[in-house]
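Worksheet: the structure to be examined is printed underneath.
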Amino acid sequence: MRGDFVFVRTVDNVLPDSMHTFVSSQKRVLGGVLLQIEAKIHACLTALSQADDDDILRDGSELLTVRLGVPLPESWEGMARSEKRGFLFDRLNRPLRVCAVIPNGGHPGGAPVWIKTPEGERLRIVDKPEVDLDDEKSRAIWESAPFFNPADIACSLRDFRGRPFDLARFQAADEWYVLEKHWRGEPVRVLERTGLWNGAMAEWNTVFLEAPRETFRAVKKVLDLLEKVARP
């Protein structure tokens with residue numbers, strides 16, 4: 001689409017016309033937070049591209065750890081300046097997304113969580129089929145998740161020089177799961193790649209922003225349209 005920003009919203013979140021003004025105001029909040037964080041990232045990347053003095057490295061590490069929730073490597077203190085600069089530049093120079101989350105109301109779908117990776121903890125959206133619910137600890141964590149992912153996301157798709165990112169570089173190409181489904185009345189096992197918000201955006205820089213519960217109404221079947229909509 002060659003856009004600077006893209007707003008993504010799941011197709012099965014359906015609200016009546018009377019709610020559109022309220023939902024639009026929440027979209028502007030998502031976009032405003034995205035622009036604010038993007039400006040800080042771009043300023044830091046511009047500085048890193050020109051120098052690697054202590055102030056720049058400190059500002060970059062604070063932006064990465066405090067605002068984006070990405071931990072520094074355990075070897076950080078022993079790294080040379082050039083190595084620190086390279087690490088910060090690589091971790092900051094990525095697509096950025098601000099994801100709305102709402103209080104968990106028991107909806108089927110994904111949730112924002114911390115996951116462990118070989119590079120450290122990461123903020124991710126995880127879908128239920130990705131969780132080992134036979135493991136008691138994993139089940140307890142999943143069931144206690146305070147927020148739900150309504151798939152309402154503002155995305156920044158260009159780097160600090162204005163060039164579009166190659167989005168394929170930032171997906172989890174090796175992630176998949178197996179689902180039990182029915183096909184023509186027969187049980188089948190289906191191998192699926194992880195989806196847009198969890199797999200294809202796995203290595204994006206991610207910020208979660210709590211949104212009002214009223215911005216979401218799941219519609220999985222026609223009768224769901226008859227449910228009363230909560231008012232803000």
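When a residue number appears, it is its place in the shown sequence, counting from 1.
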(request) Would you mind reporting whether Leu96 and Leu68 have side-chain heavy atoms less than 4.5 Å apart? (result) yes
(message) Within this structure, what is the CG-CG distance for the pair Leu63 and Asn205, rounded to the nearest 0.5 Å?
(response) 8.5 Å
(message) Contact between Pro150 and Arg9 at the side-chain level, heavy atoms closer than 4.5 Å - yes or no?
(response) no
(message) Do Trp142 and Val126 make a side-chain contact, defined as non-hydrogen atoms from C-beta onward lying under 4.5 Å apart?
(response) yes
(message) Any heavy-atom pair between the side chains of Leu157 and Phe5 that's under 4.5 Å?
(response) no
(message) I'd like to know if the side chain of Asn13 reaches the main chain of Ala151, judged simply by a donor and an acceptor atom lying under 3.5 Å from each other, with no hydrogens or angles considered.
(response) no
(request) Provide the full list of side chain to side chain donor-acceptor pair (under 3.5 Å) pairs with a residue in residues 28-54, sequence neighbours left out, each pair given once. (result) Glu38-Ser156, Asp54-Arg81
(message) My understanding is that only residues two or more places apart in sequence, or in another chain, count here; which of them pass ring-ring contact (aromatic ring centres under 6.0 Å, His included) with Phe7?
(response) none
(message) If you define the side chain from C-beta out and look only at heavy atoms, does anything of Glu83 sit under 4.5 Å from Ser75?
(response) no
(request) Would you list the pairs meeting side chain to side chain donor-acceptor pair (under 3.5 Å) in which at least one residue belongs to residues 178-196, sequence neighbours left out? (result) Glu180-Arg189, Lys181-Glu192
(message) Taking side chain to side chain contact (heavy atoms under 4.5 Å, CB included) as the definition, give me every residue that meets it alongside Val219, ordered by chain and number, with sequence neighbours left out.
(response) Val14, Arg217, Asp224, Leu225
(message) Do Leu35 and Val33 have side chains that approach each other closer than 4.5 Å (heavy atoms only, starting at C-beta)?
(response) no
(request) Hey, could you give me each pair passing ring pair (Phe, Tyr, Trp, His ring centres under 6.0 Å) that has a residue in residues 196-228? Not counting sequence neighbours. (result) His107-Phe216, Phe148-Phe216
(request) State, yes or no, whether a side-chain contact exists between Leu209 and Leu30 at a heavy-atom distance under 4.5 Å. (result) yes
(message) I'd like to check the side chain to side chain contact (heavy atoms under 4.5 Å, CB included) partners of Ser61; sequence neighbours left out, ordered by chain and number.
(response) Leu72, Trp76, Leu88
(message) If you define the side chain from C-beta out and look only at heavy atoms, does anything of Asp152 sit under 4.5 Å from Thr10?
(response) no
(message) Under the rule for side chain to side chain contact (heavy atoms under 4.5 Å, CB included), what residues qualify as partners of Arg158, not counting sequence neighbours?
(response) Arg2, Asp4, Pro164
(message) Rounded to the nearest 0.5 Å, what separates atom CE in Met201 from atom CG in Leu196?
(response) 4.0 Å
(request) Not counting sequence neighbours, list each pair that qualifies as a side chain to side chain donor-acceptor pair (under 3.5 Å) and has a residue in residues 128-138. (result) Glu130-Asn198, Asp135-Ser138
(request) Would you please name every residue forming a side chain to side chain contact (heavy atoms under 4.5 Å, CB included) with Pro71, sequence neighbours left out? (result) Arg122
(message) Could you work out, with ring-ring contact (aromatic ring centres under 6.0 Å, His included) as the rule, every residue matching Phe87, not counting sequence neighbours?
(response) none
(request) Can you run down the side chain to side chain donor-acceptor pair (under 3.5 Å) pairs that involve residues 161-174, sequence neighbours left out, and say none if there aren't any? (result) Asp159-Arg163
(request) List, by chain and number, the other hydrophobic cluster members for Tyr177, where Ile, Leu, Val, Met, Phe, Trp and Tyr join if side-chain heavy atoms come within less than 4.5 Å, directly or indirectly. (result) Leu179
